[in-house]
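What follows is a short report on a single structure.
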Amino acid sequence: MRHTLTIFLTLVLLWALVAQTNHELSGLRVYLFVGGLYVTYASLMLPWRAALTSILLGGLLCDATAPVAFGTHVILFSAAFAVLSHLRDRLPREDTIARVVVALLVNLALFLLFSFTQIGGSPSPAAAWPRLIADLIVSQIALALVAPWFFALQHRALLLSRAERAALD
């Protein structure tokens with residue numbers, strides 16, 4: 001339970017930082033989406049139940065403030081968790097670069113799925129794609145820059161909460 005709460009608190013920090021960044025970028029009409037960071041570390045490093053619980057809580061946090069149907073983030077994050085937990089033993093989990101690459105791929109998949117589910121409500125779906133592509137490019141660059149720091153933060157938070165030993169079992 002301790003590692004679930006610890007990881008969730010780091011996700012709350014990520015949510016707050018991304019919300020502030022999106023607020024600052026709103027004048028440029030750019031939106032950051034870093035859903036891959038909500039899923040990757042927990043899926044690769046935590047026990048199954050703790051990872052799923054923290055990811056579901058992170059999805060609920062994102063759903064609480066997003067102008068989409070409630071549960072959209074939860075479903076997409078859960079699907080990403082299911083895929084990553086299935087591939088977990090085949091991925092180099094201890095390597096930071098590998099985790100960043102996994103986070104980039106998960107973020108790409110989540111962004112595209114999220115876009116396809118929401119684009120139908122747009123009055124002109126074809127006109128939205130250039131902006132979505134720009135948002136995706138900016139999001140992937142930001143994620144690549146922030147992911148090593150965020151993974152280190154999650155690891156250090158687990159160490160400080162003394163949940164690291166249980167997280168690696």
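The first residue of the sequence shown is numbered 1, and numbering continues consecutively from there.
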Over all atoms of both residues, closest heavy-atom pair of Val106 and Val39 = CG1-CB, 4.4 Å
Can you give the donor-acceptor pairs under 3.5 Å from side chains of residues 140-148 to other protein atoms, not counting sequence neighbours?
unit_1 : atom_1 : unit_2 : atom_2 : d
Gln140 : OE1    : Asn107 : ND2    : 2.7
Gln140 : NE2    : Leu104 : O      : 3.1

Find the distance between OH (Tyr41) and CD1 (Ile7) and round it off to the nearest 0.5 Å.
-> 6.0 Å
Any chance you could measure His155, atom NE2, to Thr10, atom OG1, to the nearest 0.5 Å?
-> 13.0 Å
Is there any salt bridge (Lys or Arg N to Asp or Glu O under 4.0 Å) pair reaching into residues 8-25, and which pairs are they, with sequence neighbours excluded?
-> none
Mind listing the closest non-hydrogen atom pair of Ala103 and Thr40 along with its distance?
-> CA-OG1, 3.3 Å
Determine, using the 4.5 Å side-chain heavy-atom cutoff (strictly less than), whether Leu91 and Leu105 are members of one ILVMFWY cluster.
-> no
Atom CG of Leu57 and atom OG1 of Thr4: how far apart are they, to the nearest 0.5 Å?
-> 8.0 Å
Return the minimal non-hydrogen interatomic distance between Arg93 and Met45, and the atom names on each side.
-> O-SD, 3.6 Å
What pairs of residues pass the ring-ring contact (aromatic ring centres under 6.0 Å, His included) test when at least one of them lies in residues 123-152, not counting sequence neighbours?
-> Phe116-Trp129
Sequence neighbours excluded, every pair satisfying side-chain hydrogen bond (donor to acceptor under 3.5 Å, both in side chains) that has a member inside residues 44-70 = Trp15-Thr65, Asp63-His73
Separation between CG of Leu112 and CG of Leu132, rounded to the nearest 0.5 Å = 9.0 Å
Rounding to 0.5 Å, atoms CG (Leu17) and CG (Asn22) come to a distance of 11.0 Å
Could you give the distance from CZ (Arg99) to CG (Leu37), rounded to the nearest 0.5 Å?
-> 12.0 Å
Does one hydrophobic cluster hold both Val18 and Leu153, with members joined at side-chain heavy-atom distances below 4.5 Å?
-> yes
Are Leu110 and Phe114 in one and the same hydrophobic cluster, where Ile, Leu, Val, Met, Phe, Trp and Tyr link if side-chain heavy atoms are under 4.5 Å apart?
-> yes
Taking a hydrophobic cluster as the set of Ile, Leu, Val, Met, Phe, Trp and Tyr residues connected by side-chain heavy atoms closer than 4.5 Å, whether directly or through intermediates, do Leu108 and Val100 fall within one such cluster?
-> yes
Over all heavy atoms of both residues, which pair between Leu11 and Gly58 is shortest? Give the atoms and the distance, please.
-> CD1-CA, 4.2 Å
Among the clusters formed by ILVMFWY side chains lying less than 4.5 Å apart, do Tyr38 and Leu87 turn up in the same one?
-> yes
Just distance, no hydrogens or angles: give the donor-acceptor pairs under 3.5 Å from side chains in residues 76-83, sequence neighbours left out.
unit_1 : atom_1 : unit_2 : atom_2 : d
Ser78  : OG     : Val74  : O      : 2.7

Nearest heavy atoms of Ala64 and Phe70, plus distance in Å | N-CE1, 4.0 Å
Kindly give the heavy-atom pair with the smallest separation between Leu158 and Ser161, and that separation in Å.
-> O-OG, 3.2 Å
Can you list every pair that meets salt bridge (Lys or Arg N to Asp or Glu O under 4.0 Å) and has a residue in residues 117-132, with sequence neighbours left out?
-> Arg131-Asp135
